[in-house]
K.L.:
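I am attaching a structure below and will ask some questions about it afterwards.
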Amino acid sequence: MNSPTYNASRVWLLILSLVIIATITGCTVRYVAEYDASVKDEIIRIAKEVDLFYGRLLETPANQRQYDKSRDKYLEIEADLRALKMRNEIRAFNKESTKQTEIALDLWLQDKQSHKKANSVDDATIKLHRRQFSRVFVAMAKGEKAKK
């Protein structure tokens with residue numbers, strides 16, 4: 001009959017052996033998704049689209065900022081954010097990036113709904129939303145880059 005101390009020693013010896021084998025063979029344990037340059041590029045592309053969207057709104061006279069004039073662009077950017085979310089969901093160990101994309105999508109949908117409801121948007125709100133999205137996209141890109 002085996003003693004509990006003997007069994008515990010065997011378990012620790014097995015664990016130590018596995019760690020040594022993993023170290024020697026170059027095996028690594030991953031808890032986050034691997035870096036994907038195309039995802040980082042996509043984040044930057046969408047960030048540029050969002051920035052351009054808000055820049056164009058700022059250049060539009062306030063009395064001409066009706067929602068209908070921006071509807072198609074809202075939908076295009078929404079589709080891009082949904083596609084990015086799906087790309088992040090598909091990748092293993094990618095919960096943080098998926099959550100960041102969900103935050104960006106939720107903010108975008110809130111901004112779209114607010115513009116639709118008011119049928120206009122003022123300069124201060126545009127500038128605030130532009131800064132918010134800049135911070136979100138920088139965090140997303142840095143998060144992807146950190147996976148290198």
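Throughout, numbering of the chain's residues begins at 1 and tracks the sequence.
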K.L.:
Apply side chain to side chain donor-acceptor pair (under 3.5 Å) to Asn63 and list each qualifying residue two or more places apart in sequence or on a separate chain.
P.N.:
none
K.L.:
Going by distance alone, is a donor N or O of one side chain under 3.5 Å from an acceptor N or O of the other, for Ser38 and Arg87?
P.N.:
yes
K.L.:
Asp72: which residues meet the salt bridge (Lys or Arg N to Asp or Glu O under 4.0 Å) condition with it, sequence neighbours left out?
P.N.:
none
K.L.:
May I have all residue pairs that pass salt bridge (Lys or Arg N to Asp or Glu O under 4.0 Å) and include part of residues 129-142, sequence neighbours excluded?
P.N.:
Asp51-Arg130
K.L.:
In chain order, what residues pass the side-chain contact (heavy atoms from CB on, under 4.5 Å) check against Lys69, with sequence neighbours excluded?
P.N.:
Gln64, Gln66
K.L.:
Is the side chain of Asn94 donor-acceptor paired with the backbone N or O of Glu89 at a distance under 3.5 Å, no angle test?
P.N.:
no
K.L.:
Could you tell me which residues satisfy side-chain contact (heavy atoms from CB on, under 4.5 Å) with Lys95, sequence neighbours excluded, listed by chain and number?
P.N.:
none
K.L.:
Using the rule that Ile, Leu, Val, Met, Phe, Trp and Tyr join whenever any side-chain heavy atoms are under 4.5 Å apart, tell me whether Phe137 and Leu109 fall into a single cluster.
P.N.:
yes
K.L.:
Is any side-chain heavy atom of Tyr54 closer than 4.5 Å to one of Leu58?
P.N.:
no
K.L.:
I'd like to know if Ile77 and Leu75 are part of one continuous hydrophobic network [Ile/Leu/Val/Met/Phe/Trp/Tyr, side-chain heavy atoms within less than 4.5 Å].
P.N.:
no
K.L.:
Apart from Val138 itself, what residues make up its hydrophobic cluster when side-chain heavy atoms of I, L, V, M, F, W and Y under 4.5 Å apart count as a link, directly or indirectly?
P.N.:
none
K.L.:
Give the minimum heavy-atom separation between Ala139 and Gln100, together with the two atoms involved.
P.N.:
O-NE2, 3.6 Å
K.L.:
If you compare all heavy atoms of Val136 against all heavy atoms of Ala104, which two are closest, and at what distance to 0.1 Å?
P.N.:
CG1-CB, 3.8 Å
K.L.:
Could you list the residues that satisfy side chain to side chain donor-acceptor pair (under 3.5 Å) with Glu96, not counting sequence neighbours?
P.N.:
none
K.L.:
Sorted by first residue and then second, give each salt bridge (Lys or Arg N to Asp or Glu O under 4.0 Å) pair with at least one member in residues 53-65; sequence neighbours left out.
P.N.:
Arg65-Asp123
K.L.:
Val39 and Leu84: which non-hydrogen atoms are nearest, and at how many Å?
P.N.:
CG1-CD1, 4.1 Å
K.L.:
Linking Ile, Leu, Val, Met, Phe, Trp and Tyr through side-chain heavy atoms less than 4.5 Å apart, which residues share a cluster with Met86?
P.N.:
Ile90
K.L.:
Fit a plane to each ring of Tyr74 and Trp108, take the angle between them on a 0 to 90° scale, and name the class: parallel (under 30°), tilted (30 to 60°) or perpendicular (over 60°).
P.N.:
tilted
K.L.:
For residues 104-122, which residue pairs qualify under salt bridge (Lys or Arg N to Asp or Glu O under 4.0 Å), counting only residues two or more places apart or in two chains?
P.N.:
Glu78-Lys112
K.L.:
What is the distance from atom OG of Ser114 to atom CG of Asn119, rounded to the nearest 0.5 Å?
P.N.:
11.0 Å
K.L.:
Working to the nearest 0.5 Å, report the span between NZ of Lys127 and CG of Leu57.
P.N.:
13.0 Å
K.L.:
For Ala62 versus Ser120, what's the shortest heavy-atom pair and its separation?
P.N.:
O-OG, 3.6 Å
K.L.:
In the hydrophobic cluster built from side-chain contacts under 4.5 Å, what are the other members alongside Leu52?
P.N.:
none
K.L.:
For residues 40-48, dump all side-chain donor-acceptor pairs below 3.5 Å to protein atoms at least two apart in sequence or in another chain.
P.N.:
residue	atom	partner	partner atom	Å
Glu42	OE1	Arg45	NE	3.2
Glu42	OE2	Arg45	NH2	2.8
Arg45	NH1	Glu49	OE1	2.6
Arg45	NH2	Asp80	OD1	3.4
Arg45	NH2	Asp80	OD2	3.3

